[in-house]
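Beneath this line is the structure, given in C-alpha cells, with notes to follow.
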Amino acid sequence: MHLTKEEERIYSGEQGWAREISMKILVRLGDLFDADKLISINSAHVSGVSYKTLGDAPIEFLKALADADCKVKVRTTLNPQSLDPDYLDTRVPANMKDKQLTILRQFERMGITQSLTCTPYYLAKSQKGSHLAWAESSAVVYANSVLGAYTNREGGPSALAAAIIGKTPNYGLHKARNRKPNILVNVETKLKNETEYGALGIFLGRILKDKIPLIEGLEKAPADNLKQLSAALASTGMTNMFQLKKNRTNISELERISVGARDIEQTIESLCTASTARPDLVFVGCPHCSFDEIKRVTRLAENRKFKRDLEFWICTSCHVKRRAKESVRKLEGKGGQVLAGVCTVVSWTETLGIKTIMTNSAKTAYYAPTLNKAGVILASAQECLKTVFEG
Ligand code: F3S
C-alpha cells in the first residue's frame, strides 16, 4: 500500500507510539485486503464500549493511548455502554460500574463524543458518498444502503486507529466497483411490520454470506424498517450493504432467489426460544429508537395501563431522548423506562434476574440466548405493547 511521506513518518514513530501503532494497524489491514492507499474519512464509529462485551484486557491499552495524549482526528462516536446512569446504575455491582466508567473516561480523554449509540446517523447525517470507518455492523449496513455513504465493517481497534489517523485503507466498499449487487432477491410477500423486516435480514444473512443483494419488493419501505433489516442482515452474515430495486441496474445476469411468507414465518418461529409466554422484560430499541419510533410507542401506549409485574425498556441515544422529552415523560409516567446510551444485549440483564425477553428486534432475538442467557419472544412493537399494557 502506498504511503505518503507524512504517513511514513507516522509509521516510523515520529509522532509518538500511539499514532505509530494506529498507523501500523491500518497498514496491516490495507496490506491484507490489497488496498492501494489510505483515504480520508469524515467520521469514525467505535464499537467495543460495553464492559460486558469488552472485558478487562483492552482497558490498559485504552489507558495507555489516552496517557500518550492521543486524540482523534475526525468526529468519532461510541457504541452503547453496559448501563444507564439514571436507571440501572444502582442495580449493577460497583466493580462493574467502575470498570465501565474507566473505559468511557479513556475514550473521552481521546476526544471521542460520548454518543453511546448504535445509530450515530441520528446525531449527524453522513453525506451521500462520504467515506467513513464505522464498526457497528447494523450502522455499517444502514450507512452503505440507506445513507449512501461508504464504509467497510470495521472492528473496534481498526475504527479507533482510523479515528486517530483520520484515514482508512481504500479497499472493499470504499471502491464503487465493489458496491454492485451480485444477487437479486425477490421478496414475494408484503412485510407487515419491523419484526418481519428483521426476520428477512436474519434469513438473507444466512444465505448470502457476503454477497450484495438487490432487493425487489421493498421499494416503499420506511427507513426505520430498513434499519431492522440492516441490523439483522449483519447478524447472521457478512453482507455489508443491500440495494433496493429502485436503483436502476442491469439485472439480467444476476443469480436470483425468492423469499416467501413461509420463510419469514419460519425465521420468526426459529428465533422464539422462550419456554414461557410471560416475559420479565419487554424491550424495544435495537437498533436504538429514532425520534419517530419513540413517538409511535407513545401513541401505542396512549390510554392504556401498565402491568406492574415486568420491566419495559425503550432504548435510544441521549440525543434522541432529549429531543423526545414529551414522549419520554408520558412513557415513564406509565411505568416504562427510556434508557439512554445502553442496550439490552450489552447490559447485565442476567444480574437483574431477567430470564425471558420479549422484543420486536430480530437482532436481539438472535443474540439474547447466548449474550443474555435469556429465552426470547419475538413479536412486533404492537404485540410487545399489548403485553406491557392492559386495557
Ligand atoms: Fe444496538 Fe445493542 Fe442492537 S448495540 S444494534 S441495540 S444489540
Side-chain angles (χ1 to χ4, degrees), residues 45-54 77-84 87-88 100 103-104 107 114-123 134-147 151 153-156 159 194-195 197-199 201-202 205 223-237 239-240 271 281-290 293-294 297 312-321 337-350 354 357-374 376 378 381 384:
H45 181 76
V46 174
S47 63
V49 177
S50 161
Y51 173 52
K52 179 183 158 185
T53 50
L54 193 66
T77 43
L78 284 184
N79 237 18
Q81 61 158 325
S82 62
L83 51 89
D84 170 286
Y87 181 62
L88 298 178
Q100 182 63 76
I103 292 166
L104 295 188
F107 285 128
Q114 301 282 299
S115 53
L116 301 172
T117 182
C118 47
T119 54
Y121 39 86
Y122 296 147
L123 275 67
W134 284 11
E136 161 55 41
S137 63
S138 66
V140 166
V141 179
Y142 191 89
N144 283 316
S145 317
V146 182
L147 306 178
T151 178
R153 188 189 299 193
E154 302 292 343
E194 74 286 357
T195 305
Y197 278 81
I202 295 286
D224 283 330
N225 290 353
L226 295 179
K227 180 175 71 171
Q228 290 296 330
L229 170 64
S230 301
L233 194 56
S235 301
T236 45
T239 290
N240 289 322
L271 292 167
L281 165 68
V282 177
F283 163 55
V284 296
C286 170
H288 274 177
C289 280
S290 65
E293 285 173 309
I294 293 193
V297 171
F312 175 36
W313 295 358
I314 305 108
C315 288
T316 189
S317 62
C318 309
H319 169 83
V320 170
K321 184 175 176 178
Q337 294 297 331
V338 181
L339 305 186
V342 65
C343 89
T344 295
V345 172
V346 301
S347 70
W348 311 96
T349 50
E350 274 178 277
I354 292 166
I357 298 171
M358 183 177 198
T359 181
N360 65 339
S361 162
K363 176 171 177 175
T364 291
Y366 180 75
Y367 284 113
T370 43
L371 293 179
N372 303 88
K373 307 276 179 292
V376 174
L378 176 63
C384 288

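Along the sequence shown, residues are numbered consecutively beginning with 1. First listed ligand is number 1; within each ligand, the first listed atom is number 1.
Among all non-hydrogen protein atoms, the one lying nearest atom 5 (S) of ligand 1 is K363 NZ, 3.4 Å. Nearest protein neighbour of atom 1 (Fe) of ligand 1, counting heavy atoms only, is C118 SG, 2.3 Å.
Applying the 4.0 Å criterion to heavy atoms of C286 picks out, from ligand 1, the atoms 3 (Fe), 5 (S), 6 (S), 7 (S). Listed by number with element, the atoms of ligand 1 under 4.0 Å from a non-hydrogen atom of V345 are 7 (S). Near P80, the atoms of ligand 1 lying under 4.0 angstrom from a non-hydrogen atom of the residue are 4 (S). Near S138, with a cut-off below 4.0 Å to any heavy atom, the atoms of ligand 1 are 5 (S). Listed by number with element, the atoms of ligand 1 under 4.0 Å from a non-hydrogen atom of E136 are 5 (S). Close contacts of ligand 1 with G285, meaning ligand atoms under 4.0 Å from a residue heavy atom, involve 6 (S).
Atoms CD1 and OG1, on I357 and T364 in that order, are 7.5 Å from each other to the nearest 0.5 Å.
Look at C343 and atom 2 (Fe) of ligand 1: an N/O/S atom of the residue is under 2.8 Å from the metal.
In this structure, A231 falls outside the shell of residues with a heavy atom less than 4.0 angstrom from ligand 1. Using a 4.0 Å heavy-atom cutoff, C315 is absent from the residues neighbouring ligand 1.
The aromatic rings of W134 and Y121 lie parallel to each other, their planes meeting at an angle below 30°, with 60° marking the opposite boundary.
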For S115 and T117, run side chain to side chain donor-acceptor pair (under 3.5 Å): C-alpha distance rounded to whole Å, both residues' side-chain angles, the deciding distance at 0.1 Å, then the answer.
CA-CA 6 Å; S115 53; T117 182; over 6 Å; no

Tell me, with the steps shown, if V342 and L116 meet side-chain contact (heavy atoms from CB on, under 4.5 Å).
CA-CA 7 Å; V342 65; L116 301 172; over 6 Å; no

